[in-house]
Amino acid sequence: MKKRGFGAGKWNGPGGKVKEDETIEEAVIREVREEVGILVSKKDLEKVGEIEFFFSEQKGWDIFVHIFFSKKWKGEPVESEEMKPEWFKISELPLDKMWVDDKYWLPDALAGKKFKAKFYFKGSGEEIDRYEINKLESFVS
């Protein structure tokens, strides 16, 4: 559960902005450690997707997101100032309490499918105007 900032009140995975001196993978490792207290290694990260988000009525909100999974980590997830982690069965994901786009790509990504997607939002970002998802055999950034 995201506790503050962009997406507060929604179930979401850890993540955030890439710092100037970081690679995307280094940012993933740092954000996961900061937000849920577990350690993942670069060799265990698997890139499964890229999503471009466009917000027609929110200037400066457009964002490009890289989606990574890891099946290995060290430690147990712990609550931080930013996130409260909780485990869910895939069949019981709280999609109604997540970003509205998650239901279109997350189940397939959890099933091992890779993708590139674009989501165009109306208003405050709670309603999708249109979207496109391109499934990939393997991921090429």
Does NZ in K42 sit with more than 12 non-hydrogen atoms of other residues, nucleotides or ligands closer than 6.0 Å?
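Open: at most 12 neighbouring heavy atoms sit under 6.0 Å from NZ of K42.
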NZ of K10: more than 12 outside heavy atoms within 6.0 angstrom?
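It does: K10 NZ has more than 12 such atoms within range.
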Reported [atom1]-to-[atom2] distance for the pair [X] and [Y], which is rounded to 0.5 angstrom:
X    : Y    : atom1 : atom2 : result
I67  : I51  : CD1   : CD1   : 4.0 Å
L45  : F69  : CG    : CZ    : 12.0 Å
I128 : F53  : CD1   : CZ    : 8.5 Å
D96  : D102 : CG    : CG    : 11.5 Å
M1   : K97  : CE    : NZ    : 7.5 Å
R30  : E35  : CZ    : CD    : 8.5 Å

Please list every donor-acceptor pair under 3.5 Å in which a side-chain atom of residues 11-20 meets a protein atom from a residue at least two apart or in another chain.
none

- Message: Set out, in order, the CA-CA distance, both residues' side-chain angles and the distance that settles ring pair (Phe, Tyr, Trp, His ring centres under 6.0 Å) for F54 and F121, then state yes or no.
- Response: CA-CA 6 Å; F54 301 97; F121 290 88; 9.5 Å; no
Taking a hydrophobic cluster as the set of Ile, Leu, Val, Met, Phe, Trp and Tyr residues connected by side-chain heavy atoms closer than 4.5 Å, whether directly or through intermediates, do [X] and [Y] fall within one such cluster?
X    : Y    : answer
V65  : M83  : no
L106 : V100 : yes
W99  : F88  : yes
L95  : W87  : no
V48  : F68  : no

Could you pull out the closest heavy-atom pair between [X] and [Y], with the gap in Å?
X    : Y    : result
D129 : K122 : OD1-CE, 3.4 Å
V78  : G37  : CG2-CA, 4.0 Å
V40  : K72  : CG1-O, 3.9 Å
S80  : E34  : CB-O, 3.7 Å

Of E82, E79, E81, the one forming a salt bridge (charged side-chain N to carboxylate O under 4.0 Å, His left out) with K2 is E82
- Item | Test item: K103 side-chain N/O and M98 main-chain N/O as donor-acceptor pair under 3.5 Å |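 Here the side-chain-to-backbone pair does not exist.
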Q.
Just so I know, are the side chains of D44 and W73 near enough to count as touching, which here means a heavy-atom distance under 4.5 Å?
A. no
Hey, does K74 have a side-chain heavy atom less than 4.5 Å from the side chain of I38?
no
In a check of ring pair (Phe, Tyr, Trp, His ring centres under 6.0 Å) between F119 and each of Y131, F55, W61, which one passes?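 Of Y131, F55, W61, ring pair (Phe, Tyr, Trp, His ring centres under 6.0 Å) with F119 is met by Y131 alone.
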Table please: side-chain donor-acceptor pairs of residues 107-115 below 3.5 Å, with sequence neighbours left out.
unit_1 : atom_1 : unit_2 : atom_2 : d
D108   : OD2    : K135   : NZ     : 2.9
K114   : NZ     : E46    : OE2    : 2.6

